[in-house]
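Scroll down for the structure; my scribbles are underneath it.
Residue numbering restarts at 1 for every chain, and letters A, B, ... go by the order of the sequence lines.
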Amino acid sequence: MSQRADASGAAPPVPAPDGEKPRTAARPRRGRQRRADARAGLVLIAPTFIIVVVMVVLPILWTFSMAFQRIRLINLRRAGIFGDYSLANFRGIFTSESFWTSMWTTLVYSVLGTASAIGLGLIAALALRKAFRGRTFVRAAMLLPYVTPVVAATFAWSTMLNPQFGIVNYWGQRVLGWDEPIAFLSQASGELSLFGLQISVPTALLTVIAFEAWRSFPFAFLFLTARLQAVPGTLEEAAHVDGATPTQRFAHVLLPQLLPTIAVLSVLRFIWTFNSFDDIYLLTGGGAGTEVVSVRVFNALTARGDIGAASAQALVLALILAILVGVYLRRFRTQEEVA
Amino acid sequence: MSTTLEQDRRPAAPPSRAPRSGWTRDSVERRVLAVLRWLVIAFLLLVTIFPFYYTVMLSVRSLDQVVQDPGALFVPPTEWVMDSYRSVLASSAAGGQGFLSFMRNSAVIAFATVALTLLVSLPGAYAVSRLEFFGRRQISGLFLAVYLFPSILLAVPLFVFFTRIGLRGSLVGLLIVYVSQIVAVSIYMLRNYFNTIPVSLEEAAAIDGCSRLGVMRRVSLPLAMPAIMSNALFVFMIAWNEFLFALLFLIEERDRWTVSLGLSQLAGSIEIPTTVLMAGSVIITLPIIIIFFATERLLTEGLTAGAEKG
C-alpha cells in the first residue's frame with residue numbers, strides 16, 4: 001500500500017496542486033508529507049468505504065446470485081452461494097405479460113411524472129423570479145410538499161380525493177358539475193367528456209402522476225431558481241434593447257441558459273421516479289392500473305416470500321433504467337458537442 | 001411556436017410599431033404575463049398549502065361533522081375538538097394508538113443516524129477534498145453511484161441478509177441501513193463545502209505547528225460548521241421521513257414502529273376514523289415543518305447540495 005502511495009507521490013506527470021517552485025530543496029520533506037497525507041487519507045476514508053462496500057456493493061452482488069436461484073423466504077436457511085443456478089426466475093419474467101404491463105406503467109409514470117415536475121418547477125421559478133413582498137414566505141411554502149413525510153402527504157391526498165367525504169369530490173359535484181363522485185385512486189379508467197368527445201383516461205395512474213409532480217416540483221424549483229439567479233442580467237437587457245418581447249427573451253435567452261440544468265434534473269428525477277415505491281404503494285397499493293415494478297418487487301418479497309423472483313425483477317428494472325439513462329446521456333453529450 | 005415566425009420580422013418591428021399604439025406584442029405580452037404571474041403564484045400557494053391546511057382542519061373536527069359537511073373550508077376555533085389528538089397520542093394500554101412511543105423510536109433513530117453519519121462522513125469528506133491518496137477518484141465515483149442507486153434493488157438483499165442474521169426487527173439493523181445509504185450523499189455535500197475553504201488557512205495553521213489532526217479540528221471543522229449543520233438537518237429529515245426500510249424491517253414489531261410506519265399501518269385498519277389519522281399526520285409532520293421554517297436557508301442549501309432520494 002505504502003509502496004503504491006510512494007510511487008504516485010514521486011511520479012512527475014501528475015502535477016501536485018501545491019507544486020510550484022521550491023522543488024529541489026523541499027523535495028524529501030514534500031515526499032514524506034505526501035506519503036503521510038496519502039496514509040491519512042486512506043485511514044479517514046476507510047470507515048465510509050467499508051460501510052459502503054459491505055452494505056451496498058456486496059448486497060448488490062448477492063442480488064445477482066439470488067436472481068439465478070429458486071430461493072424462498074421459507075427455505076432461506078438452506079440457500080447458499082453455491083446453490084442450484086437456473087434461469088427460471090428470468091424465464092418467469094420474460095414470459096409474464098403482467099410484468100411488461102407493469103414495466104410500461106413504470107415508464108409512463110416516470111416520463112410524465114418527471115416532465116410535469118420539472119415543468120411545474122420551471123413555471124414556479126419564473127413566477128417567483130422578481131422580488132415582491134412575501135416572496136421569502138412563498139418560496140418556503142413551495143418546498144413544503146418536498147420536505148413533508150411521504151406518509152402524511154399521501155394521506156392528505158387520499159383523504160381529499162376520497163369519494164365519500166373528500167373535499168375535491170364535494171366541490172367537484174357542486175361547482176364543476178360532476179355527475180357522481182370520482183374514485184381518483186381506485187378507478188383504473190374513466191370516461192372524460194371533452195367538447196362532446198368521450199375519452200377514456202387512466203384515472204388512478206394520472207392521479208399518482210399528479211401526486212408525483214406535486215411532491216417533487218420543489219426539487220426542480222430549487223435548482224432552477226439557483227440557476228436563474230446566476231444568469232447575467234446584461235444578457236436579457238441586451239435582448240430587450242434589441243426589441244425582444246418577454247416570451248422571446250425566455251425562449252432565446254433564458255431557456256438556453258437553463259437547458260443544461262434541466263437536462264441534469266431530468267436524469268436525476270427520472271432515476272428516482274423510475275424506482276420510486278413509497279408514493280404509489282401508499283396511494284393505491286399498486287391497484288387500479290398503477291402497479292409499477294418496484295411495488296411488484298415488494299409484493300414478491302413480502303407477500304409471496306419469493307426472493308428469487310424479487311431479485312430478478314429488481315435487476316431487470318435496474319438494467320432497463322441503466323440502458324435508458326445511458327442512451328439519454330449519450331444523446332445529450334453528442335448534442336452538447338454539436339452545439 | 002409563433003416566436004420563431006415573429007423572429008424574422010423582429011429587427012424592423014419594434015421602432016416602427018411601438019409609437020403607434022400601446023398594443024404592441026411586447027406590451028400585450030407584458031400585461032398578460034403580469035396578470036398570469038399572480039395567478040400562477042396564487043395557484044401554487046393554493047396547491048402547496050391547502051393539503052396541509054385541510055389535514056389540520058380535519059384533525060380538529062369530529063368524524064360526524066366531517067361526514068355531515070364534507071365541504072367545509074373553515075372551522076371556527078370554538079368548534080375545535082381535540083379528541084383525535086388525545087386518541088392518537090395515548091398509549092395503546094390506555095386505548096390510544098401509542099404515537100408517543102412511535103415518535104420516540106423515530107427520534108432515537110433519526111438522531112442516531114445523524115450522529116453516526118457525521119462521524120463517518122466528516123473525516124471521509126475531508127480526505128476526499130484535501131488529501132491525495134490512492135484511488136481517490138474511483139472512490140468518489142463509487143459514492144456518486146451509490147447515491148443514485150435504486151433503494152428498491154438494495155431492499156431485497158438487505159431484507160434477506162438481516163432476516164438471516166436475525167437483526168431484522170431491531171432498530172440497530174435499520175440504523176446501519178440508513179447510515180450506509182446516506183453516508184455517500186453526506187460525503188458529497190460536505191466535500192463540496194470543504195472545497196470552498198481556502199487551503200491557505202490550513203497551511204498557515206500547519207506552519208504554526210499544527211498537526212494534520214489539529215488542523216482538521218481547529219481550522220477546518222469550525223469553518224465548515226454551516227455545512228455540517230445543514231447536512232445534519234438534511235440527514236435528520238431523510239431518517240425521520242423514511243418509509244420503505246422501516247416497513248420492511250419493523251413491521252412485525254409494533255413497539256418499534258417509527259412514526260411513518262405507524263401511521264401507514266393505522267390507515268389499514270377500518271376502526272380508526274380518518275380524523276385520528278389526520279391528527280397523526282399533523283404530529284409526524286410538525287417536527288419537520290418546525291425545523292424547516294426555523295432553518296429554512298440552511299436546509300435549502302442542504303437540499304440543493306444533496307437532493308434526497310425519492
Side-chain angles (χ1 to χ4, degrees), chain A residues 4-5 8 37-38 40-42 44-45 47-49 51-52 55-56 59 62-63 76 123-124 127 138 140-142 144-145 147-152 155-157 159-160 165 167 170-171 214 219 222-223 226 243 245-248 251 271-272 275 277-278 282 294 297 301 307 310-311 314 318, chain B residues 3 10 14 25-26 29-30 33 37 40-41 44-45 48-49 51-52 54-55 66-67 70-71 120-121 123-124 126-127 131-134 139 146 148 150 152-154 156-160 164 180 183-184 187 212 237 241 243-244 260 263-264 274 277 281 284-285 288 292 296 303-304 309-310:
Chain A
R4 281 208 204 111
S8 75
D37 276 3
L42 284 173
L44 292 178
I45 200 74
T48 316
F49 185 70
I51 288 184
V52 166
M55 297 300 298
V56 179
W62 197 31
T63 311
L76 184 61
I123 291 172
V138 178
M142 290 303 108
L144 278 180
V147 296
T148 319
V150 62
V151 182
F155 257 20
W157 270 62
T159 312
M160 278 166 47
F165 53 83
I167 195 160
Y170 179 89
W171 289 109
W214 175 80
F219 183 78
L222 270 180
F223 276 78
T245 66
T247 50
Q248 287 173 333
I271 291 176
W272 287 324
N275 297 300
F277 163 82
D278 301 354
L282 287 164
S294 55
V297 172
L301 185 64
I307 298 171
S311 309
Chain B
T3 37
R10 186 165 36 110
R25 178 178 163 180
D26 189 62
E29 273 188 14
R30 228 176 255 270
L33 285 177
R37 174 160 165 261
V40 166
I41 292 174
L44 288 171
L45 273 179
T48 47
I49 292 180
F52 297 94
Y54 184 70
T55 307
V66 175
V67 174
V120 173
S121 65
Y126 184 83
L131 304 171
E132 189 64 53
F133 58 89
F134 177 71
I139 282 183
V146 168
L148 292 177
I152 190 74
L153 178 49
L154 268 176
V156 183
L158 290 179
F159 178 82
V160 175
R164 210 164 166 185
S180 66
V183 80
I187 286 211
R212 184 51 90 171
M237 202 184 80
N241 291 357
F243 176 67
L244 170 60
S260 287
L263 189 61
S264 73
T274 310
L277 296 178
S281 288
I284 80 168
T285 313
I288 293 295
F292 177 67
E296 191 246 332
L303 288 172
T304 27
K309 273 188 180 187

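- The side-chain heavy atoms of A/Val52 and B/Ser180, taken from C-beta on, include no pair separated by under 4.5 Å.
- Comparing B/Pro51, B/Ser121, B/Ala184, B/Ala127 by heavy-atom pairs within less than 4.5 Å of chain A, the highest count is held by B/Pro51.
- Side-chain contact, B/Arg25 with A/Thr247: a donor N or O sits under 3.5 Å from an acceptor N or O.
- For the residue pair B/Ile41 and A/Ala127, the shortest heavy atom distance occurs at CD1-O, 3.8 Å.
- When all heavy atoms of A/Phe155 and B/Ser281 are compared, the closest pair comes out as CD2-OG, 3.6 Å.
- Using a 4.5 Å cut-off between heavy atoms, A/Leu144 contacts chain B through both its backbone and its side chain.
- At least one side-chain heavy atom of B/Leu45 sits under 4.5 Å from a side-chain heavy atom of A/Met142.
- A/Phe165 approaches B/Tyr54 most closely through the heavy-atom pair O-OH, 3.8 Å.
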For this session: Give the intermediate values and the outcome of side chain to side chain contact (heavy atoms under 4.5 Å, CB included) for residues B/Val160 and A/Trp62.
Result: CA-CA 10 Å; B/Val160 175; A/Trp62 197 31; 3.5 Å; yes
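- Interface check for chain B: of the options A/Ala314, A/Ser311, A/Gly41, A/Ala40, the most heavy-atom pairs under 4.5 Å are formed by A/Gly41.
- When all heavy atoms of B/Leu153 and A/Ala318 are compared, the pair lying nearest together is CD2-CB, 3.5 Å.
- Note: B/Asp26 leads B/Ile284, B/Leu158, B/Asp26 in heavy-atom pairs under 4.5 Å with chain A.
- In this structure, CD1 on B/Ile152 lies 8.0 Å from CG on A/Asn275, to the nearest 0.5 angstrom.
- A donor-acceptor pair under 3.5 Å is absent between the side-chain atoms of B/Asn241 and the main chain of A/Val150, judged by distance alone.
- Ranked by heavy-atom pairs shorter than 4.5 Å toward chain B, the options A/Thr63, A/Val138, A/Val297, A/Thr48 are led by A/Thr48.
- The two atoms that bring A/Trp214 and B/Thr48 nearest to each other are NE1-CA, 4.0 Å, heavy atoms only.
- Contact count against chain A (heavy-atom pairs under 4.5 Å) is highest for B/Leu244 among B/Ile187, B/Val40, B/Thr55, B/Leu244.
- Atom CD1 of A/Ile45 and atom CG of B/Leu131 lie 9.5 Å apart (nearest 0.5 Å).
- For a residue to count as touching a neighbouring chain, one of its non-hydrogen atoms must lie under 4.5 Å from one of that chain's; by this rule B/Leu33 touches chain A with the side chain only.
- What you find for B/Ser264 and A/Leu282 is that their closest heavy atoms are CB-CD2, 3.8 Å.
- Ranked by heavy-atom pairs under 4.5 Å with chain B, the first of A/Pro47, A/Pro246, A/Ala141 is A/Pro246.
- For the pair A/Thr148/B/Phe52, a side-chain contact is recorded, criterion being any heavy-atom separation below 4.5 Å from C-beta on.
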